[in-house]
There are 2 protein chains.
Amino acid sequence: MHDDETSTGESPTGRRPTIYDIAERLELSPSTVSRALHKPGRINATTVEKIRAVADELGYRVNPMARALPTGMSGTFAVVLPDITNPVHFELIRGAEQVARSHGATLVVSESEGSPALERETIETLQQSVDGLLVVASRLDAAQLRKLAAIKPIVAANHSARDLPSVTPDLRGGLTAALDHLHELGHRSVAYLGVTGLAINRARWDILLDLATEGSMSVVEIGIEEPTVDGGSSALRRIRASGVTAVLAYNDLVAHGVLRAARAAGIDVPTAFSVVGFDDIFSAELTVPALTTLRSPLRDIGTKAMALLADPGTNRSPSHVVLPIELVTRESTAPPPPR
Amino acid sequence: MHDDETSTGESPTGRRPTIYDIAERLELSPSTVSRALHKPGRINATTVEKIRAVADELGYRVNPMARALPTGMSGTFAVVLPDITNPVHFELIRGAEQVARSHGATLVVSESEGSPALERETIETLQQSVDGLLVVASRLDAAQLRKLAAIKPIVAANHSARDLPSVTPDLRGGLTAALDHLHELGHRSVAYLGVTGLAINRARWDILLDLATEGSMSVVEIGIEEPTVDGGSSALRRIRASGVTAVLAYNDLVAHGVLRAARAAGIDVPTAFSVVGFDDIFSAELTVPALTTLRSPLRDIGTKAMALLADPGTNRSPSHVVLPIELVTRESTAPPPPR
DNA sequence: CGGCCTCTGGCAACCGTCTGCCATTCGGGG
DNA sequence: CCCCGAATGGCAGACGGTTGCCAGAGGCCG
């Protein structure tokens, strides 16, 4: 059994080396080591060189906890979202993670399970150990978020909050594109499948109401309980009863549900009615028919939001970044049946 | 503008209260406050009561960083995985997150992008601020992991590692069920769509080789680059050329890719050949045909693995938990074409 | 009534790093 | 040759909690 030491040799003990170990070895003071490692220019170049060498040899890593105490900076950011497994959030998290990493920071992910109380509790706890929070699709109202943001910076992602910096998709633009697309195909009445009681949902519905009164498209809302596949399936009867020729779903999961229920009932989409999804999750192109959907720039939302959080932010006033939504036309939309 | 203070009133300043603030208010020493909050029984009950009250009033939260310094316990666990956006990992993360939360701990999620070097770097950095690591589908070899585990506990999830506690699905059982299912349908030759150069992949292939020599099923491997939809699509030509009547995909994404490519080429599945996926991600039942797949107990893997990490672990020897895999039969498998 | 144990609470050191301020050295300009 | 400033390094206190040890107050027992 030979000595399989790696390049960054580590101490035999389980204890990680500290700046004291380095200082002792070089007969320097810990403060010098600290500065050598993090204050470029402050310490003589050759000394820095030696310190670096020993640090490498010992496999030294700064202890983020110990550093966080005096500086108040932990090098950690948190993402708080209602549902981790929602595919919508995948890309957002990944975008955020990559930006965080590029800033040398780590990412904490926490789920609030859609409960406002738990969300608040989570945020308050996390604030102690984090430099900033990314709050996705918050269930908290603007006033509460604003108060929480007094402690540590908060950026709202995928939902707008008046006094907070936010990164949101251009709902109005997206919905306009969807409605235009349907109108061109010949549709004149659309049902919106919304999740009752969600703030984001209200925003969308308001925009749709706006657009409907402006244009020549009639719009009705069909409320569902949960933004899930099953939620979508449950709406089929009401869709058929409403007499609309097209459906705009709260998200792709819901649209999937509609597709599934229709298929089970022997109803052909898009012959009988058209379906437009929302988000363009990866499975949208895999269904039959492939889903026409509004592609939310989720990855970019994560990226921009984290950038807002991690960068000092030159301007003081909360910035509201709005990212474009793109209509992806696939097979689930077609002209309405003749009547 | 009225004073909209919440129940847990917070200090007007942005600074969070400390045990010193509580102590001062009650003319006690900080140590008493510390003990009152975390050492049940140590401090007089009525005193504890008063301290609790003030703590609530001030909205006190313990600072995990400060606590971590003397104790070495941060109340944080990390999950390190190659690809955050892989849907396979999300249920696992969620399971882990829930267990962590139930232990009052937070979860850090970090992506290694499939690079062994980056994975190692990530683990070493994280070890400074974490009580333990959950390493998912590691690209590191057993020896390296063992060494890293000397610093902070590591549990291997979804892949086995000799000297480390691990939680893995029962590959052999699952693959046997899949092969039996295909055999019953009449298939005698199967292609395995594996990702070349992945340790987990080797394990599966070895088992398949075993099973093939035992039974009356011939097996060939078709290598793909990436475990993605596109990776699966790219294999269609080779599948056709190989003459097999059934395909076992590395995961559901790959299976989706095969389905998509077949559909694009006008080839009907399962008439022309059968497809079996792996993992049962949520979209597996949404495709046409709906995917027959081996359901990995991902949620449970996350749960058990985190439990192993968070609980003291009564027994010293590394425990290896093996969870059953279930075959979910849908529409993508059928008898082979007559010949 | 004295000794001892239990119950409570305080003191102070420590965890690892950062940083304001001071001390020393050295070089250059006047 | 003196003065001053730049360069470099050290001292010590601070960050917020934890904990070993000690001390005073009672209560109990013999």
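Per chain, numbering begins at 1; letters A, B, ... match sequence-line order. All values below come from the heavy atoms of this structure, side chains included, with hydrogens, waters and symmetry mates left out.
Between the CE atom of A/Met73 and the C1' atom of D/dA14 there is a distance of 17 Å, given to the nearest Å. The distance from atom CD of A/Glu49 to atom P of D/dG9 is 13 Å, rounded to the nearest whole Å. Between B/Asp21 atom CG and D/dC15 atom C1' the separation is 13 Å, expressed in whole Å. Computed from coordinates, the A/Asn63 CG to D/dC15 P distance equals 19 Å when rounded to whole Å. Atom P of nucleotide D/dT18 and atom CD1 of B/Ile43 are separated by 12 Å, given to the nearest angstrom. When rounded to the nearest whole Å, the span between CE of B/Met65 and C1' of D/dG17 equals 13 Å. Between A/Ile19 atom CD1 and C/dC15 atom P the separation is 12 Å, expressed in whole Å. Put simply, CD on B/Glu27 is 10 Å from P on C/dG10, counting in whole angstrom units.
A sub-4.0 Å separation between OP1 or OP2 of C/dG16 and a side-chain N or O of A/Arg67 is absent. A close approach under 4.0 Å does not occur between any side-chain nitrogen or oxygen of A/Lys39 and OP1 or OP2 of C/dC18. One finds no side-chain N or O of B/Tyr20 lying less than 4.0 angstrom from the OP1 or OP2 phosphate oxygen of D/dT18. OP1 or OP2 of C/dC18 has at least one side-chain nitrogen or oxygen of A/Ser34 nearer than 4.0 Å. For A/Ser31, no side-chain nitrogen or oxygen approaches OP1 or OP2 of C/dC18 to under 4.0 Å. Taking only side-chain nitrogens and oxygens, B/His38 never comes nearer than 4.0 Å to OP1 or OP2 of D/dG17. The side chain of A/Ser29 places an N or O atom within less than 4.0 Å of a non-bridging phosphate oxygen (OP1 or OP2) of D/dG10. Proximity of B/Asn44 to the phosphate of C/dT8: a side-chain N or O atom is located under 4.0 Å from OP1 or OP2.
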>> Quick one, A/Gln128 with B/Met65, criterion side chain to side chain contact (heavy atoms under 4.5 Å, CB included). Give me CA distance, side-chain angles, the key distance, then yes/no.
In response: CA-CA 8 Å; A/Gln128 293 283 2; B/Met65 309 275 169; over 6 Å; no
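Closest heavy-atom contact between B/Ala161 and B/Ala156: CB-CB, 4.3 Å.
For C/dG10, its base sits under 3.5 Å from the side chain of B/Arg35 at one donor and acceptor pair at least. In the interface, the side chain of A/Arg42 is paired with the base of D/dG9 through a donor and an acceptor atom under 3.5 Å apart.
A salt bridge between B/Arg61 and A/Glu121 is present, with a side-chain N of the basic residue lying under 4.0 Å from a carboxylate O of the acidic one.
Taking the side chain as every heavy atom from C-beta outward, A/Val54 and A/Val33 never approach each other to under 4.5 Å.
Comparing D/dG17, C/dG9, C/dC18 by their closest approach to the side chain of B/Thr47 singles out C/dG9. Closest approach to the A/Leu69 side chain among C/dT17, D/dG9, D/dC15 is made by D/dC15 (side chain taken as heavy atoms from C-beta onward).
No more than 12 heavy-atom neighbours from other residues, nucleotides or ligands sit within 6.0 angstrom of CD on A/Glu24.
Nearest-nucleotide positions on DNA chain C place B/Val33 closer to the 5' end than the other of B/Pro70 and B/Val33.
Here the options are A/Ile301, A/Leu323, A/Val322, the test is side-chain contact (heavy atoms from CB on, under 4.5 Å), and the partner is A/Pro169; only A/Ile301 passes.
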